[in-house]
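The structure appears right after this line, and notes come after that.
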Amino acid sequence: MGENKNPETADLIFDGKKISLPVRSDNQGQKGIDIRTLRRDAGLVTYDPGFANTASCQSSVSHVDGERGRLLYRGFAVEDLTENCTFVEVGYLLIHGRLPTRTELEKFSALLNRHSMIHEDMRTFFSGYPEGSHPMAVLSAMVVSLSSFYPELEESETEELDITATRLLSKLRTIAAFSYKKSIGEPFVYPSYKLSYCANFLNMMFSSPVTDYQIDPVLVRAMNKLLILHADHDQNCSTSTVRLVGSAAANLYACIAAGICALWGPLHGGANQEVIEMLERIHREGGNVDKVIERAKDKKDPLRLMGFGHRIYKTYDPRAKIAKTICTEVLGKLGVKDPLLEIAMKLEEKALADSYFAERKLYPNVDFYTGITYRAMGFPTDMYTVLFAIGRLPGWIAQWQELKRDPEQKIWRPRQLYMGADHAPFVPMEKRG
Ligand code: ACO
């Protein structure tokens, strides 16, 4: 966390009084007014719905440069990491702040294997869910249940932290695959020590006692890349949720479960499912993209172009670029001709040429092309956000850990501007309505 080397102040005149507030700078030139004394000195609070102008913390985990379309994990460009690393390596990088040596990676991978099974008693939980339960509901409930089975949390030394991190990373993947198997009525496939993280996941998802499932290295590579693309994204909604819950000193499992719930929202990670549903609708209705674009522009219509727009990116999301390449590679390798890809490309082309989207700087985001790839790989639509959660987990763990180690952090407790009644006279039951 960088120290403020160039102290500046921002002056605010309010009620005839000048209040000088210190200005902090991050290492990318973003300046932030430190308002911690504002209420004490001026009786003022700030009003910022959606926290669009608020830095909630100082962080070194990842950086999103929305103007230049850059994404860094611990300083490394996401493009370099997707090209050269496995998801496990990137997970280590985020959690430990540096790339692992070969020995460290081997140890970390061995721990992932050791912790890959879930307690046998947890298997029975799956049968309690009604048919058609969304796997995100199952995932969040299962993750918070882990706190009962594995209450001890190691977080201090490298090796101890690795136990907690690998336990979560490995079990989340197993829970995800089990919830899918349960939803289709097939027996669970256990993780195998012989397989890598992503190969293991594909095997748990798609092999069965009666099939000879061949793990395709092209799909393993694509899976690694897709998970890396999702691994962290500074203070987004689910990460902020993890930090918010963590600020109350809740245990890590509870924080991650809360993050999963936030991610489920269609304006956040749930958008990847919504994109496919939108593309399918367009396909069913004859493939007319113009109609959808017109509807998305109409302020009276609640429809938004899913997979488009971002709070921070005001240019092409770098993840979307990589996701588009992965998508064409996977479909090409599998020989899949998906009409939804054509519709997506037409939609993108038309939207980018439209002044509504250009003026608002709305570009495809990471969710726009990932769903088509997952579909070609055989994942059902409601698993897409689960895949996002598996990818985002190392980021959540790293951010939670950073919060715990940050002496400036305290319980998150925003203020409000109260607009309700000042004194409502009590009305007895018989006089109500
Ligand atoms: N389709 C149509 N119009 C849009 C879209 C869209 N997808 N996104 C934003 N706009 C318009 C808004 O209506 C608004 O227009 P106005 O200025 O005329 O009122 C303007 O663009 C700014 O939009 P906001 O909603 O203020 O932007 P915000 O930063 O709050 O929202 C968000 C960002 C939620 C991602 C938004 O762009 C959206 O809803 N996109 C679709 C959902 C989606 O793809 N979510 C995934 C995001 S990536 C992720 O979380 C992994």
Side-chain angles (χ1 to χ4, degrees), residues 47-54 62 64-67 69-71 73 78 136 226-242 259-279 281-282 289-324 326 344 347-374 381 384-396 399:
Y47 179 62
D48 186 20
F51 311 120
N53 304 284
T54 299
S62 63
V64 181
D65 181 338
E67 305 304 324
R70 275 192 343 144
L71 171 60
Y73 295 163
V78 73
M136 285 298 273
L226 288 165
L227 294 182
I228 292 172
L229 285 188
H230 290 100
D232 201 46
H233 212 234
D234 80 41
Q235 304 311 315
N236 60 87
C237 179
S238 55
T239 301
S240 296
T241 304
V242 169
I260 291 171
C261 292
L263 187 74
W264 191 5
L267 295 186
H268 190 16
N272 55 14
Q273 175 170 349
E274 300 271 333
V275 170
I276 288 294
E277 286 167 3
M278 173 185 79
L279 296 173
R281 243 182 350 261
I282 298 172
V289 296
D290 297 326
K291 204 168 106 193
V292 175
I293 288 184
E294 285 317 308
R295 282 191 62 192
K297 287 158 50 173
D298 181 356
K299 295 290 168 203
K300 287 187 239 94
D301 192 324
L303 184 131
R304 279 192 163 196
L305 201 51
M306 298 313 281
F308 253 76
H310 197 273
R311 171 62 61 81
I312 310 286
Y313 291 120
K314 298 303 162 205
T315 179
Y316 214 100
D317 179 339
R319 302 168 302 169
K321 251 185 229 163
I322 302 170
K324 190 174 176 182
I326 300 170
L347 201 55
E348 178 191 342
E349 190 191 319
K350 293 257 175 158
L352 293 182
D354 191 298
S355 60
Y356 172 96
F357 293 90
E359 277 158 20
R360 290 168 181 76
K361 300 190 173 159
L362 301 170
Y363 293 85
N365 59 50
V366 67
D367 292 323
F368 197 65
Y369 284 105
T370 49
I372 302 172
T373 316
Y374 294 144
T381 324
Y384 299 172
T385 317
V386 171
L387 298 171
F388 195 149
I390 297 173
R392 184 53 55 87
L393 184 57
W396 286 335
Q399 299 267 356

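Note that ligands are numbered from 1 as they come in the structure, with each ligand's atoms numbered from 1 the same way.
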Those residues at least two apart in sequence (or on a different chain) that pass side-chain contact (heavy atoms from CB on, under 4.5 Å) with A323 are L229, Y369, T370
Distances only, to 0.1 Å: what are the N or O pairs between ligand 1 and the protein that fall under 3.5 Å?
{"from": "ligand 1", "atom 1": "1 (N)", "to": "L305", "atom 2": "N", "distance (Å)": "3.1"}
{"from": "ligand 1", "atom 1": "3 (N)", "to": "Y356", "atom 2": "OH", "distance (Å)": "2.8"}
{"from": "ligand 1", "atom 1": "7 (N)", "to": "L305", "atom 2": "O", "distance (Å)": "2.8"}
{"from": "ligand 1", "atom 1": "7 (N)", "to": "F308", "atom 2": "O", "distance (Å)": "3.0"}
{"from": "ligand 1", "atom 1": "13 (O)", "to": "K299", "atom 2": "NZ", "distance (Å)": "2.8"}
{"from": "ligand 1", "atom 1": "13 (O)", "to": "R304", "atom 2": "NH2", "distance (Å)": "3.2"}
{"from": "ligand 1", "atom 1": "15 (O)", "to": "K299", "atom 2": "NZ", "distance (Å)": "3.0"}
{"from": "ligand 1", "atom 1": "15 (O)", "to": "R360", "atom 2": "NE", "distance (Å)": "3.2"}
{"from": "ligand 1", "atom 1": "18 (O)", "to": "K299", "atom 2": "NZ", "distance (Å)": "3.2"}
{"from": "ligand 1", "atom 1": "18 (O)", "to": "R360", "atom 2": "NE", "distance (Å)": "3.0"}
{"from": "ligand 1", "atom 1": "18 (O)", "to": "R360", "atom 2": "NH2", "distance (Å)": "3.0"}
{"from": "ligand 1", "atom 1": "25 (O)", "to": "R304", "atom 2": "NH1", "distance (Å)": "3.1"}
{"from": "ligand 1", "atom 1": "25 (O)", "to": "R304", "atom 2": "NH2", "distance (Å)": "3.0"}
{"from": "ligand 1", "atom 1": "29 (O)", "to": "R311", "atom 2": "NE", "distance (Å)": "2.7"}
{"from": "ligand 1", "atom 1": "30 (O)", "to": "R311", "atom 2": "NH2", "distance (Å)": "3.0"}
{"from": "ligand 1", "atom 1": "39 (O)", "to": "R304", "atom 2": "NH1", "distance (Å)": "2.8"}
{"from": "ligand 1", "atom 1": "40 (N)", "to": "F308", "atom 2": "O", "distance (Å)": "2.9"}
{"from": "ligand 1", "atom 1": "44 (O)", "to": "G307", "atom 2": "N", "distance (Å)": "2.8"}
{"from": "ligand 1", "atom 1": "44 (O)", "to": "N365", "atom 2": "ND2", "distance (Å)": "2.9"}
{"from": "ligand 1", "atom 1": "45 (N)", "to": "L267", "atom 2": "O", "distance (Å)": "3.0"}
{"from": "ligand 1", "atom 1": "50 (O)", "to": "H268", "atom 2": "ND1", "distance (Å)": "2.9"}

Report yes or no: does [X] contribute a side-chain atom to a donor-acceptor pair with the main-chain N or O of [Y] at less than 3.5 Å?
X    : Y    : result
Y73  : G395 : no
T241 : C237 : yes
N236 : D234 : yes

Contacts satisfying side chain to side chain donor-acceptor pair (under 3.5 Å) that involve residues 352-364 (not counting sequence neighbours) are K297-D354, K299-Y356
Salt bridge (Lys or Arg N to Asp or Glu O under 4.0 Å): which pairs involve residues 306-320, sequence neighbours left out?
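For residues 306-320, and leaving out neighbouring residues, the salt bridge (Lys or Arg N to Asp or Glu O under 4.0 Å) pairs sorted by first residue read D317-R319.
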